2 protein chains.
Amino acid sequence: MSQTVDRALSILPLLAQGPADLGQVADRLGVHKSTALRLLRTLHEHGLVYRQQDQRYRLGARLFALAQEAVENLDVREIAHPHLAALNERTGHTVHLAVHEDGEVLYIDKVESRYPVRMYSRIGKPVAITVAAVAKLLLADLPEPERRALAAKLDYPRYTPRSTPDAAAFLQELATVREQGWATDLGGHEESINCVAAPIRGADGRVVAAMSVSAPNVVVTAEELLALLPLVRRTAEAISHDYSGTTPPKEAGATDDE
Amino acid sequence: MSQTVDRALSILPLLAQGPADLGQVADRLGVHKSTALRLLRTLHEHGLVYRQQDQRYRLGARLFALAQEAVENLDVREIAHPHLAALNERTGHTVHLAVHEDGEVLYIDKVESRYPVRMYSRIGKPVAITVAAVAKLLLADLPEPERRALAAKLDYPRYTPRSTPDAAAFLQELATVREQGWATDLGGHEESINCVAAPIRGADGRVVAAMSVSAPNVVVTAEELLALLPLVRRTAEAISHDYSGTTPPKEAGATDDE
DNA sequence: TCCGGGCGTTGCGTCATGCGCAACGCGCAT
DNA sequence: ATGCGCGTTGCGCATGACGCAACGCCCGGA
């Protein structure tokens with residue numbers, strides 16, 4: 001709604017693809033160089049953009065700091081973390097925590113078993129929304145019209161033969177998931193990876209987050225992983241309980257027993 | 001330089017401290033509610049800001065995605081990573097990679113030995129610039145005037161009795177570091193933690209990044225850690241070599257992960 | 001039930017502000 | 001030496017961002 005800010009912010013995804021010089025930025029924005037310069041300077045002052053030695057611009061450090069602070073302030077994450085760690089300790093598998101936001105589902109925490117190496121590369125990245133078990137749980141809880149609208153405008157990439165093929169199948173799957181209160185992804189994203197997930201609910205019963213346990217089937221079969229379902233659900237319920245308890249929503253009518 | 005963008009971007013750090021409603025944002029910006037609304041809407045459209053159910057605003061998902069893409073596009077990081085992993089494998093200690101940007105030093109990669117648990121919480125976070133070994137290396141390489149200016153405007157918190165006390169001591173330390181080509185932090189940030197670090201240089205000899213090995217002295221004494229110095233320096237040199245060699249920018253490098 | 005206050009939202013008239021232009025300085029390659 | 005490409009600057013004009021005031025809505029108290 002604000003042209004100037006809109007243009008400035010459009011620079012960010014542009015730079016996310018890689019460094020660019022002033023002319024490139026101006027061209028891709030469709031504005032004069034002097035305009036692009038002014039915007040870049042403002043972004044620079046706020047640390048969102050950094051100018052390297054060759055004068056080209058890249059995304060800046062403050063961006064990380066902001067993302068950090070944002071994720072650290074998420075109270076669900078903070079409350080859930082010890083539970084996730086415990087579950088990881090017990091099962092040895094990768095544990096994820098995800099939330100829904102504006103049509104995207106993204107991981108906000110992760111505890112990995114074996115190789116901590118590529119760990120952080122996932123957090124904050126949008127997940128494959130049409131197949132991920134956590135995504136199904138989060139979207140299944142949306143109000144009917146929103147859910148339909150979202151399902152209609154999604155893409156349905158065929159990662160594997162087991163990927164959700166289209167909106168109809170997706171909505172069907174969401175209905176099942178909503179009813180049973182848990183979800184799986186059996187090779188729908190990557191052939192050899194299976195996941196089982198459970199919802200975390202707020203005091204009002206709405207799904208506020210979802211957690212999952214994932215493992216490649218070279219480690220455990222899908223059946224073995226599914227055997228963990230009760231444990232996963234219990235963990236999710238424990239988190240829900242902690243979360244509802246410590247979330248004094250100013251003044252909400254129905255407060256659970258405590 | 002652009003008032004509108006400036007105001008809009010000022011909202012981000014404000015929200016980083018926690019969710020806020022429209023009135024609060026307008027107040028703290030010193031603008032009319034309608035103005036704040038317009039800015040917030042624009043931020044929202046770009047996904048930098050998210051509106052939760054209670055209508056309050058928080059930082060949005062796109063922020064994470066941007067930070068992710070930014071860090072993944074850093075070629076130093078990509079080149080260094082295997083070396084860091086190897087060093088971690090060999091020593092068992094935590095290994096860091098850091099860069100300098102606009103007066104801040106931040107970690108862009110980390111390989112941790114024992115507990116992967118709190119791992120991601122560090123990446124992207126500014127480091128204790130006056131004491132961290134990697135910070136000393138990065139700042140020691142700055143041109144004289146810049147270095148002095150920066151040293152003068154820094155704070156010198158006394159994390160421990162061994163923390164760098166003031167600008168004079170800091171500049172002195174930087175001189176030493178620059179001369180010897182490596183740096184340490186022996187309990188300057190946290191009593192029981194020691195680090196040894198070495199610089200990574202580009203083709204022109206300038207320090208582009210720094211790496212360090214850290215360990216609590218309950219695991220190894222400072223002396224034992226210092227014994228790793230040659231290994232650390234050799235690793236840093238290997239990275240420098242790789243980096244200088246492959247510096248010719250890979251144009252249109254659409255490296256798809258996954 | 002009605003009323004009042006607090007919140008987000010809207011349309012509008014004004015003028016500050018962001019815009020493109022054109023000219024300049026600089027480095028680099030010819 | 002010379003021209004080109006780049007980032008940078010100052011400026012006059014009109015666009016677009018501003019604050020105002022009025023509205024709708026929800027909630028809580030009377």
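Reminder, nothing fancy here: chain letters follow the sequence lines and each chain counts from 1. Note that the coordinates shown come from a computational prediction; the quantities given were computed from them, not determined experimentally.
Rounding to whole angstrom units, CG of residue B/L43 and P of D/dA17 are separated by 13 Å. Atoms CG (B/L22) and P (C/dT10) sit 12 Å apart, rounded to a whole Å. What separates NE2 of B/H44 from C1' of C/dG8 is a distance of 14 Å, to the nearest Å. Computed from coordinates, the A/D6 CG to D/dT15 P distance equals 18 Å when rounded to whole Å. What separates NZ of B/K33 from C1' of D/dC23 is a distance of 11 Å, to the nearest Å. The nearest whole Å value for the distance from the CG atom in A/D21 to the C1' atom in D/dT8 is 14 Å. Remark: P of C/dG6 and CZ of B/R56 are 19 Å apart, rounded to the nearest angstrom. Distance CG (A/L40) to P (D/dC6): 15 Å, rounded to an integer number of Å.
Here A/Q3 reaches the OP1 or OP2 of D/dG16: one of its side-chain N or O atoms lies under 4.0 Å away. Close to C/dC19, at under 4.0 Å from its OP1 or OP2, lies a side-chain N or O of A/R7. The phosphate of D/dT9 has OP1 or OP2 within less than 4.0 Å of a side-chain N or O from A/R41.
Using modelled atom types and a 3.5 Å distance limit, the side chains of A/H96 and A/D109 yield no donor-acceptor pair. Counted by atom type alone, A/Y57 and A/R51 present one or more donor-acceptor pairs between their side chains at under 3.5 Å.
Closest to the side chain of B/H32, out of C/dG8, D/dC18, D/dA21, is D/dA21.
Look at B/E237 and B/R201 and you find no salt bridge, because none of the NZ, NE, NH1 or NH2 atoms lies under 4.0 Å from a carboxylate O. For the pair B/R206 and B/D204, the salt-bridge criterion is not met [side-chain N within less than 4.0 Å of a carboxylate O]. The residues B/R41 and B/E45 are annotated as not salt-bridged, no charged nitrogen and carboxylate oxygen being separated by less than 4.0 angstrom.
When the nearest nucleotides of DNA chain D are assigned to B/R38 and A/R51 by heavy-atom distance, the more 5′-ward of the two goes with A/R51. Each of A/T4 and A/G23 was matched to the nucleotide of DNA chain D holding its nearest heavy atom; the match closer to the 5' end belongs to A/G23.
If you check every strand for non-hydrogen atoms under 4.0 Å, A/S34 touches a base.
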